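Below is one structure; the comments refer to it alone.
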Amino acid sequence: MISMSSVRPGAGVRYLFRGVMVGDGHRAAGTPLRAAQDEAGVPPGVWKGRGLAALGLTVGDVVTERQAELLLGEGRHPDADQIERELLALGKSPVQARRATVLGRPIEHNRSPKTEKAKERTPWLAMDLVFRAPSTAHIAWALGDDETRVVLELCQDIARDKTLAWFEDSIAEIRWRSGGKIRKPIRDGLIVAVFRHYESRAAESKPLLHDHAVVSIRARRPDDKGTWGNLSADSLMTHIVAADTLYVLYFMEEVSARLGWAWEPRKVTPGRRPVMEIAGIDQRLIGWQSTRRQQIEDALPVLEAKYEEKHGHEPGERAGYALACQAADQTRPPKRTELLSLTVLRTRWRASAIRAFGACTVYRLAERALAAAAAVWARVRPVIDVVLAAVDTVAVVYVMRGAFARHHLLAEARRHLAYALRGRPHKPGLDERIVQAAVDDYTRPIGRGRRMTADLRALYPGDTEDQGVLRPLTRKRTAPPYERARLAAGALAARVHAARRAERLGSRPRPYAIAVPAASRSRPRPLHAGRKGGRLLEPETGVDVDAVEQSRQTLEAAAAELAATLQDSRRAREAAHGPRPQPAPAAIPPSHTQQTGAQHTPGRTGGVT
């Protein structure tokens, strides 16, 4: 998952330099950054992002302490010292030389007495994005052999960098003109300092492979001069959940491609969204690793009870997330002061797991994951139907939120891909295609903004009585929201299957089989998405549609030819021997003379001709 916090002057910068940049230990005052990182056994930070070229830096360069102080602590050029010396040598004043090294507006502007009241606040210097892999990935990384550890770290690097690239290409915007009301895409890219951590903040150190991607708030505007400004933090925070689901999707694909492992959903809290975990890893190890989670879960019921007493109902998704963050803050332990290398930590973790669950559980971890993956691949068919995915996405988001925006659909579409593919790769742009199909065919706008809601007339065309079938699910408080969402998605998927079955068999749809649009108006018909030997396949069943149609036409032609042959034979027999005598009709009781329709012949079991 991905979490986000701000880095501000003062306490935020001190936490960045004393904790984030040296792992999860504590850096003593006066200790050089590189020495503290070597003592803690964590790698040095590296620069990432396409915006480095404008500063003369290269992707992969080591983050020095002075560069971090200037850029992430003061909002200045990372080589500001050298630039100031050169300008002073040219006769510039110290004030002019310093101002030339500032990227955008100086942070001192916010403390000026001339500053407007609306801007009198502590400015942001950076945003700390924390990338955490699923729990079973931490377990395999901590208890596996060195080769497995290296591969999982590589998967973490690739998934993180791809997610940051998505931020750069599609999300990052820069504030423009007065008040920052106008937002435009950034010119070059982001400037990011990445620091890797190995453990959690639990009282007893537990494995937690995660990265702190500290994104500088400074970026260049897309103008001719290339002036510097501040990123829109709102844009990044709005899409943080969509980025989280994309990161998990990428990480799952990399692990499955490089280690051959599969994924399966695991219910953490009854009635809530499941999380994807590596199949075959002992579930007891998750409890051993997730000490912090247990602390949070112990404190959460008290906060939920207070919320229900105050508001009269259970907390929803947004309120539940806020309560979980509050429980995490209340149970947060202090960081340990002892610095340990990764080799020492892994030795301790393996010994602790062996004492708790036995050596077989630890040493056969990868073997059992491969065996479980074979069972998952045999049971789950990695096929994505765009229409069914769009219906599922709209139903879940509608029941969970009522009114929603495009980024909510995007996050749910990526969850759908993760559940359906179980680690198999997805085609680029497939998540956007699902969202576009949902927006075009199954939603309608509300209000003047970019909000929308489910279009029940498109989901239930011509059936006004059933259009309200989803509305009671949004108001029912006895069942958890996600449970109600899955019920609604299953009902809509059943309607789509019924309509397709009626269309495929060429028969009239029964009264309960309401026709549902089979494809998005803005995309090709997904019914003909697969191909095998040049022939079209139906996606979810693998049926050869062309072969079925050709067989039907052949049978109809054969039946017509047989009927014509029988008719000619009857006429020839009548011409040679005369018409066959017909038996006299049986007497019909008067009470049956008014009955209509076909009558069965007594003594026969055949159907009606």
Side-chain angles (χ1 to χ4, degrees), residues 1-2 42-43 46 48 59-60 130-166 194 196-198 207-211 213 243-266 275-283 285-286 289 342-343 345-346 349-350 353 361-384 414-431:
M1 61 173 295
I2 301 177
V42 296
V46 294
K48 296 286 184 179
V59 175
V130 183
F131 292 78
R132 289 189 291 269
S135 300
T136 45
H138 306 315
I139 296 170
W141 168 80
L143 305 181
D145 54 18
D146 290 336
E147 182 180 357
T148 302
R149 176 185 65 83
V150 173
V151 171
L152 287 174
E153 291 179 1
L154 177 61
C155 296
Q156 170 80 350
D157 293 337
I158 296 175
R160 180 203 63 223
D161 292 346
K162 286 185 175 180
T163 306
L164 290 175
W166 178 72
V194 178
R196 172 149 293 174
H197 291 188
Y198 292 142
L208 183 63
L209 176 65
H210 62 286
D211 294 333
D244 174 26
T245 54
L246 181 64
Y247 159 70
V248 173
L249 187 61
Y250 280 140
F251 186 82
M252 292 170 55
E253 293 178 359
E254 293 296 329
V255 171
S256 298
R258 298 176 185 276
L259 294 175
W261 297 347
W263 298 77
E264 60 183 1
R266 177 177 69 91
V275 296
M276 301 303 296
E277 301 286 1
I278 299 173
I281 293 184
D282 198 326
Q283 298 293 306
L285 292 172
I286 298 178
Q289 183 266 343
L342 179 59
T343 303
L345 290 174
R346 279 169 51 85
W349 293 333
R350 291 171 70 89
T361 303
V362 175
Y363 291 112
R364 297 188 60 188
L365 187 145
E367 179 183 348
R368 291 176 175 175
L370 285 174
V376 172
W377 299 139
R379 184 180 72 253
V380 179
R381 191 160 169 248
V383 177
I384 299 298
R414 289 168 176 171
R415 293 190 185 101
H416 180 90
L417 292 176
Y419 178 82
L421 297 177
R422 306 296 178 92
R424 296 286 180 88
H426 72 285
K427 293 183 179 180
L430 184 56
D431 50 353

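We use all heavy atoms of the structure for the numbers below, so side chains are in, but hydrogens, waters and symmetry mates are not. Quantities reported herein were computed from a predicted structural model and do not represent experimental measurements.
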With rounding to the nearest 0.5 Å, note down the distance linking [atom1] in [X] to [atom2] in [Y].
| X | Y | atom1 | atom2 | value |
| --- | --- | --- | --- | --- |
| Leu209 | Arg149 | CG | CZ | 10.0 Å |
| Ile384 | Lys427 | CD1 | NZ | 11.0 Å |
| Ile278 | Trp263 | CD1 | CH2 | 4.0 Å |
| Ile158 | Tyr247 | CD1 | OH | 12.0 Å |
| Leu285 | Ile139 | CG | CD1 | 5.0 Å |
| Thr245 | Asp431 | OG1 | CG | 8.5 Å |

Are the side chain of [X] and the backbone of [Y] linked by a donor-acceptor contact shorter than 3.5 Å?
| X | Y | result |
| --- | --- | --- |
| Glu277 | Thr136 | yes |
| Gln156 | Phe131 | yes |
| Arg350 | Leu143 | yes |
| His138 | Ala133 | yes |

Please give me the minimum heavy-atom distance between [X] and [Y], naming the atom from each residue.
| X | Y | result |
| --- | --- | --- |
| Arg266 | Ser135 | NH2-OG, 4.4 Å |
| Ala137 | Phe251 | CB-CE2, 3.6 Å |
| Gly260 | Leu370 | O-CD2, 3.9 Å |
| Pro207 | Ala142 | CB-CB, 3.4 Å |
| Arg258 | Cys155 | CD-SG, 3.8 Å |
| Gly60 | Val46 | O-CG1, 3.9 Å |

Q) Salt bridge or not for Lys162 and Glu254, using N-O below 4.0 Å? A)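 So Lys162 pairs with Glu254 through a salt bridge.
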
Q) Hey, are Asp146 and Arg346 close enough for a salt bridge, meaning a charged N less than 4.0 Å from a carboxylate O? A)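 Salt bridge flag = yes for Arg346 with Asp146.
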
Q: State which residue, out of Glu264, Arg415, Arg422, fulfils the side-chain contact (heavy atoms from CB on, under 4.5 Å) condition with Met276.
A: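 When side-chain contact (heavy atoms from CB on, under 4.5 Å) is applied between Met276 and each of Glu264, Arg415, Arg422, only Arg422 qualifies.
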
**Q.** Whether over 12 other heavy atoms sit under 6.0 Å from Glu147 CD
**A.**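 No, CD of Glu147 has 12 or fewer neighbouring heavy atoms, counting only those of other groups under 6.0 Å.
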
Quick check: do [X] and [Y] have side-chain heavy atoms less than 4.5 Å from each other?
| X | Y | answer |
| --- | --- | --- |
| Leu208 | Tyr198 | no |
| Tyr250 | His426 | yes |
| Thr148 | Asp145 | yes |

(Q) Ring of Trp141, cation from Arg196 - is the NZ or CZ under 6.0 Å from the centre and inside 45° of the axis? (A)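 No.
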
